[in-house]
Number of protein chains: 2
Amino acid sequence: MDATLSERSSNFCQACAIRNRAICADLANDEIDLLNAIGRRRKLEAGEQILWEGDDAVLVANVIEGVMKLSTQTSDGKEQILGLAYPSDFLGRPFGQTTPYGVEALTDAHVCVFQRSDFDRFAREHPRLEHKLLERTLMELDRTRRWMLLLGRMNAEQKLASFLLETADRMAPADCSFLGDDVPITFTLPLARQQIADVLGLTIETVSRQFTRMKKEGLIDLPSRREVTLLDRGALEDRAV
Amino acid sequence: MDATLSERSSNFCQACAIRNRAICADLANDEIDLLNAIGRRRKLEAGEQILWEGDDAVLVANVIEGVMKLSTQTSDGKEQILGLAYPSDFLGRPFGQTTPYGVEALTDAHVCVFQRSDFDRFAREHPRLEHKLLERTLMELDRTRRWMLLLGRMNAEQKLASFLLETADRMAPADCSFLGDDVPITFTLPLARQQIADVLGLTIETVSRQFTRMKKEGLIDLPSRREVTLLDRGALEDRAV
DNA sequence: CGACCGGTTGACTTTAATCAATTTGCGTGG
DNA sequence: CCACGCAAATTGATTAAAGTCAACCGGTCG
């Protein structure tokens, strides 16, 4: 990988993995050049945090590679994960004073970071970008609302089944091969058990018990701690309701 | 529909109660005239539905008066309320194919309705409106994420306490009188017990028991089924965590 | 090798859901 | 105006689900 300097001087956006999926997708080349000038790439290691809940909102970012976790805490110290961000997702709070949640990399990751003030100005001057951002925010709102249904009305089994199905989708290799419905799929979980518990509003013990139960029932296999194989997607979908 | 005609011919927006708070706030007068031409007012009775989950998204709307409920169903028939919309809030899914949730009036209400296609076109041509819509959507996303914390990590008591405090804020009379922190506040609940249960991800029995418990402990009073008096806001805030 | 961390498992407790009566409040019609 | 019927809300008894507390695996790393 080249140094940051060369990343800035040449236009990295043009070759960006998410050039056509992120909010910058609709920008013309000259606009991309401008955006390129105010953003910079940053590499994150798993576990590294880039935004802190309650802080002044000075940064916004785009996820290029890896999985990020958005979370908040209850006053008694329990964590609730508010969402996960995958490549092409947007992070942070434009047009706002404070960051409403903490953001941490779950895997090694690449992000494209902007000073919020720069980004806000650019967005206001480029309606096409703002439009993309709006579309993305609306989608995110829909996704979050579906998550509310999960948290409010599902039991532990339904929660975990839904989580596995969604994660399988999101972690699917980019080649998008349309495998048959009943071909076993194996993927690496971007989250440890405790984090899965935090996503689903459960405890680690309950998550663990559900995993072993699903394994016993032949729905999934667990080749290693961080890997899952979906053996019977249909049955999982039934349980996810 | 003659009524509609006259509403259309004069500019209703200019005198609209939410002219300065809704997404139209930043529009110039000539833009407002254009917007006025594509929207129309609609009166809703309590219980009336205006959007259906899964339908083609043909309408979007602004709440002018009253309280609306956004909700979805689990396949086993339980309802989960995804949010409530108060005056100046925006309803529906611009730039999308299907409506992601059902919308029903909880009280008698007024809304300002647009054909989605008209609205989408207008928004794309008027960045200031789109910007306002973006800000509002971002706020709504923040609010929804906070709600996730409630659903995922709070117990019944914390949920109800949070709900009462938030509702008190939102239902506060428009005169915005800054009452002291410990002055009892009485307001009318826009929701029946079952609906409160659906908002909080609880059952009606649990909600009822929490109400009576809080009353016994002197935190609140219940002058009638639909009314609540907050007697000790501080103590409620403690319980809401 | 032993300590340690993440995960699993078991025993027990707590919370809220469920099931089942009542009770309350309210509108309707005699 | 009162009696009736209905829906909403409350209350009680019981059950089920998930949380808690604690012990124990099993890799991994120093």
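Numbers restart at 1 for each chain; the letters A, B, ... are given by sequence-line order, proteins then strands.
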Test salt bridge (Lys or Arg N to Asp or Glu O under 4.0 Å) applied to B:Arg170 and B:Glu166, step by step: CA-CA 6 Å; B:Arg170 294 269 223 152; B:Glu166 160 132 4; 3.6 Å; yes
Out of D:dA9, C:dT9, D:dG19, whichever nucleotide has its closest atom nearest the side chain of A:Leu202: D:dG19
Closest listed nucleotide, where the reference is the side chain of B:Thr203 and the choices are D:dG19, C:dT18, C:dG7: C:dT18
Nucleotide C:dT8, atom P - distance to CD of A:Gln194 in whole Å: 12 Å
Side chain to side chain contact (heavy atoms under 4.5 Å, CB included) involving B:Thr107 - partner list, sequence neighbours excluded: B:Val67, B:Pro190
Bend angle of the helix from C:dC1-D:dG30 to C:dG30-D:dC1, from helix axes over five pairs at each end, nearest 10°: 30°
Identified side chain to side chain contact (heavy atoms under 4.5 Å, CB included) partner of B:Trp147 from the options B:Leu82, B:Asp142, B:Val199, B:Ile81: B:Val199
B:Arg153 (side chain) donor-acceptor with A:Leu202 (main chain) under 3.5 angstrom: yes
Positions of residues 211-225 of chain B (non-hydrogen atom under 4.0 Å from DNA chain C), listed by number: B:Arg225
Nearest-Å distance for atom pair CD/C1', residues B:Glu227 and D:dA9: 16 Å
Shortest side-chain distance from A:Ile204, nucleotide among D:dG19, D:dG12, C:dT8: C:dT8
Set of salt bridge (charged side-chain N to carboxylate O under 4.0 Å, His left out) partners for A:Lys69, sequence neighbours left out: A:Glu79, A:Glu104
For DNA chain C, the residues among residues 148-163 of chain A that have a non-hydrogen atom under 4.0 Å from it: none
Whole angstrom value for the distance that separates P of D:dA8 from CG of B:Leu189: 15 Å
Phosphate-side-chain proximity, B:Thr206 and C:dA16, N/O vs OP1/OP2 below 4.0 Å: no
Test salt bridge (Lys or Arg N to Asp or Glu O under 4.0 Å) applied to A:Glu65 and A:Arg41, step by step: CA-CA 11 Å; A:Glu65 201 187 303; A:Arg41 283 213 175 196; over 6 Å; no
Which nucleotide in D:dA18, D:dA22, C:dA11 has an atom nearest any side-chain atom of A:Arg209: C:dA11
A:Ser224-A:Glu227 side chain donor-acceptor pair, cut-off 3.5 Å: yes
Short side-chain to backbone donor-acceptor contact, B:Glu48 and B:Glu45, under 3.5 Å: yes
Listed partners of A:Ala22 passing side chain to side chain contact (heavy atoms under 4.5 Å, CB included), at least two apart: A:Ile18, A:Cys24, A:Asn62, A:Ser88
Options C:dT9, D:dA9, C:dG7, nucleotide nearest the side-chain atoms of A:Glu205: C:dT9
Distance-only donor-acceptor check, side chains B:Glu140 and B:Thr137, under 3.5 Å: no
Distance in angstrom units between B:Asp198 CG and C:dA17 P, rounded: 11 Å
For atom CD of A:Gln210 and atom C1' of D:dA16, their distance in whole Å: 13 Å
Test item: B:Gln97 and B:Asp56 side chains (from C-beta on) under 4.5 Å apart, heavy atoms: no
